[in-house]
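Contents: one structure, followed by commentary.
This is a predicted model, so every value here is computed, not measured.
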Amino acid sequence: MHTPGHSRTTRPEDPRSSTRELEELRRTIREGDPVATERQRAKGKLTARERIDLLLDEGSFNEVEPLRRHRATGFGLERKRPHTDGVITGWGTVHGRTVFVYAHDFRIFGGALGEAHAQKIHKIMDRALAAGAPLVSLNDGAGARIQEGVTALAGYGGIFQRNTRASGVIPQISVMLGPCAGGAAYSPALTDFVFMVRETAQMFITGPDVVQAVTGEKISHNGLGGADVHSETSGVCHFAYNEEEQCLEEVRYLLSLLPQNNRENPPVAPAEYPPGRKCAQLADIVPADGSRPYDMRKVIEEIVDDGEHLEVHERWATNILCSLARLDGETVGIVANQPQSLAGVLDINASEKAARFIQMCDAFNIPLVTLLDVPGFLPGVDQEHGGIIRRGAKLLYAYCNATVPRISVILRKAYGGAYIVMDSQSVGADLTYAWPTNEIAVMGAEGAANVIFRKQVAESADPEATRARLVEEYKAELMHPYYAAERGLVDDVIAPADTRDTLVRALAMLREKHAELPARKHGNPPQ
């Protein structure tokens, strides 16, 4: 007897007939159910195979286990056993380099994960790790397949374990193109980067119906876990786009900036700009007055190759910028305070955002360039009660633990603990440069005068004049641009126009840097 739902064929004697039968079967699998395909398109979504075609170089995809079927029985599953079991797995190339991929096919069981579905994902994750190549997941699934019970849950456990084992070894990118609810959301959270498409993609642990039943709050799917929520409020999503095509093109661009694995350096691209190009506009972009805001993105665009950089978490914790770019063709990670947002102070979210970015760069051999213009940490009860001490320590830990080349440039001000945390020489920066407008101090002159000279000002006949005079004296003695350089805490004071050339030369010198951490199983970073 043959299994119900499984079509039985006889073995043809003619090999040509066998080949035709195989080709027809593959065509049927590729095209899928036309009715389900139309339902997918009606939602404004591409099919899983169309997504893979957009992600990978044309004609490069090699599918693994397209004929796989589930073996579950009961609850009607024995009557429906489609090939692929709702997930397409395999490998191809992006810009000529190997990339592994799996894509949920929402047309089959709503992309829900069962035992066979999970085993296919486990296999391709194992192959990616063994081959030392990036893994991209195209997520569009309804979570665990309820009809398969605990075996479906165990399948997710195997994915999480592999996500963790591959962390820091190969780049892992999650692309959210549909729903992702419950425990399934933890796999993207374990990966290096999360992309989302607005309107069609959502992530949450408990859905709107459960939230309303438990708390009485009524909210939509997008309002609870849409792309804008996770890219602006929660910080779960690194990149959000309006269209799938644009989203997948940006995934390709990100992969072009990353190495294949942690044993390789990122690929080098030819640079059109000469290394010694002067950045004459920087002096105009950055006001000398430390209290005036400006857009740090313009500074980055002036320094990097072709003015191009890929900003990570662009809309979350906007008081700090984290970008991947190229300098003289080599990938660098840039961490920079953003004076245009909260004056560039460090707070809870900014600390966590930068810390994770630094750890990613360090894991994948990407040198770090830090651009400082920071007045300190954000004061406030909410910040203290929210754990700014332990969360700010994450940023400190990430810098101190990083062994890649690290170069800092102080543009204007760097005050207090924020100066130390933002990769100062005392925490291991390889080279530190400063512009002639820099001020490095425990705090701003006004605040320092209030502390140091309080008694003198109170006892003077003209408190305001005395205070102004003492502020200027403090600036002249302890905050002049060359104070830190005279004490070896800054390697050189450079003209703004020379910033790019200085960074390129420094990175070239540090290219073969080798640093080792003490022998240990792993550190215990602050949480």
Side-chain angles (χ1 to χ4, degrees), residues 231-232 238-240 250 253-254 257 269 271-347 349-350 353-354 357-358 361 366-375 407-415 418 422-423 432-439 481 493-507:
S231 63
E232 297 177 21
H238 299 81
F239 306 96
E250 289 301 298
Y253 179 51
L254 172 60
L257 295 167
E272 294 183 11
Y273 288 0
R277 177 178 62 84
K278 296 291 184 182
C279 302
Q281 297 299 316
L282 288 180
D284 297 325
I285 293 171
V286 182
D289 182 354
S291 64
R292 287 181 58 194
Y294 62 93
D295 189 352
M296 183 66 82
R297 290 187 185 90
K298 294 182 179 179
V299 174
I300 295 172
E301 289 164 5
E302 185 70 14
I303 292 171
V304 302
D305 293 355
D306 307 319
E308 292 185 358
H309 64 109
L310 181 63
E311 189 172 342
V312 179
H313 272 142
E314 179 181 357
R315 300 171 68 187
W316 181 61
T318 55
N319 43 323
I320 200 161
L321 304 180
C322 297
S323 285
L324 290 168
R326 286 193 172 95
L327 273 171
D328 196 27
E330 299 205 25
T331 301
V332 295
I334 299 174
V335 180
N337 307 110
Q338 172 59 299
Q340 204 173 55
S341 176
L342 295 176
V345 298
L346 291 177
D347 63 0
N349 287 344
K353 169 181 170 177
F357 179 76
I358 291 162
C361 289
I366 300 173
L368 287 161
V369 173
T370 304
L371 305 177
L372 284 85
D373 193 344
V374 59
I407 304 170
S408 296
V409 182
I410 302 162
L411 277 58
R412 293 196 305 189
K413 56 190 175 298
Y415 295 157
M422 288 290 292
D423 207 18
T432 303
Y433 298 99
W435 287 5
T437 50
N438 84 86
E439 291 182 351
V493 177
I494 62 172
D498 295 331
T499 302
R500 173 182 163 84
D501 183 44
T502 300
L503 289 172
V504 168
R505 290 171 183 268
L507 287 167

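- Residues Phe357 and Ser323 come closest through the heavy atom pair CZ-O, 3.3 Å.
- For the pair Arg326/Asp306, no side-chain contact is recorded, criterion being any heavy-atom separation below 4.5 Å from C-beta on.
- Annotation: side chain of Arg412 is in contact with side chain of Pro287 (closest heavy-atom distance under 4.5 Å).
- Considering CG of Leu257 and CD1 of Ile366, their distance stands at 7.5 Å, rounded to 0.5 Å.
- A heavy-atom distance below 4.5 Å is found between the side chains of Val332 and Leu507.
- Contact annotation: the side chain of Thr318 never approaches that of Gln340 to less than 4.5 Å [non-hydrogen atoms, C-beta and beyond].
- Considering only heavy atoms from C-beta on, Pro496 comes within 4.5 Å of Pro436 through its side chain.
- We find the CG-CD distance between Asp295 and Gln338 to be 5.0 Å, quoted to the nearest 0.5 Å.
- The pair Arg505-Asp328 does not meet the salt-bridge criterion, since no charged nitrogen lies less than 4.0 angstrom from a carboxylate oxygen.
- In this structure, the separation between CG on Leu372 and CG on Leu411 is 8.0 Å, given to the nearest 0.5 Å.
- Put simply, the side chain of Trp435 does not reach to within 4.5 Å of the side chain of Ile410, judged on heavy atoms.
- Looking at heavy atoms from C-beta onward, Thr499 lies out of side-chain contact with Tyr433 at the 4.5 angstrom threshold.
- Residue Gly333 comes nearest to Cys361 through the heavy atom pair CA-SG, 3.9 Å, listed as atom of the first residue, atom of the second, then distance.
- A distance-only check finds a donor-acceptor pair linking the side chain of Ser408 to the backbone of Asp423 [under 3.5 Å].
- Of the candidates Asn438, Asp373, Thr437, Asp373 is the only one forming a side-chain hydrogen bond (donor to acceptor under 3.5 Å, both in side chains) with Lys413.
- Between Ile303 and Leu327, the closest heavy-atom pair is O-CD2, 3.5 Å.
- From Ile320, atom CD1 reaches atom CG of Asp347 across 9.0 Å, with rounding to the nearest 0.5 Å.
- Here the side chains of Ile334 and Leu321 are not in contact, with every heavy-atom distance at 4.5 Å or above.
- By the salt bridge (Lys or Arg N to Asp or Glu O under 4.0 Å) test, Glu311 pairs with Arg297, sequence neighbours left out.
- Rounding to the nearest 0.5 angstrom, the gap separating the CG atom in Asn337 from the CG atom in Leu346 is 6.0 Å.
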Donor-acceptor list for residues 275-284 side chains, cut-off 3.5 Å, not counting sequence neighbours:
{"unit_1": "Arg277", "atom_1": "NH1", "unit_2": "Glu302", "atom_2": "O", "d": "3.4"}
{"unit_1": "Arg277", "atom_1": "NH2", "unit_2": "Glu302", "atom_2": "O", "d": "2.9"}
{"unit_1": "Lys278", "atom_1": "NZ", "unit_2": "Asp498", "atom_2": "OD1", "d": "2.4"}

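- One distance of note links CG of Leu324 with OH of Tyr253; it measures 8.5 Å at 0.5 Å rounding.
- Of the possible polar contacts, none joining the Lys298 side chain to the Ile285 backbone as a donor-acceptor pair under 3.5 Å is found.
- Taking every heavy atom of both residues into account, Asn319 and Ala350 meet most closely at ND2-CB, 3.6 Å.
- Considering every non-hydrogen atom in both Cys322 and Ala354, the closest pair reads SG-CA, 3.8 Å.
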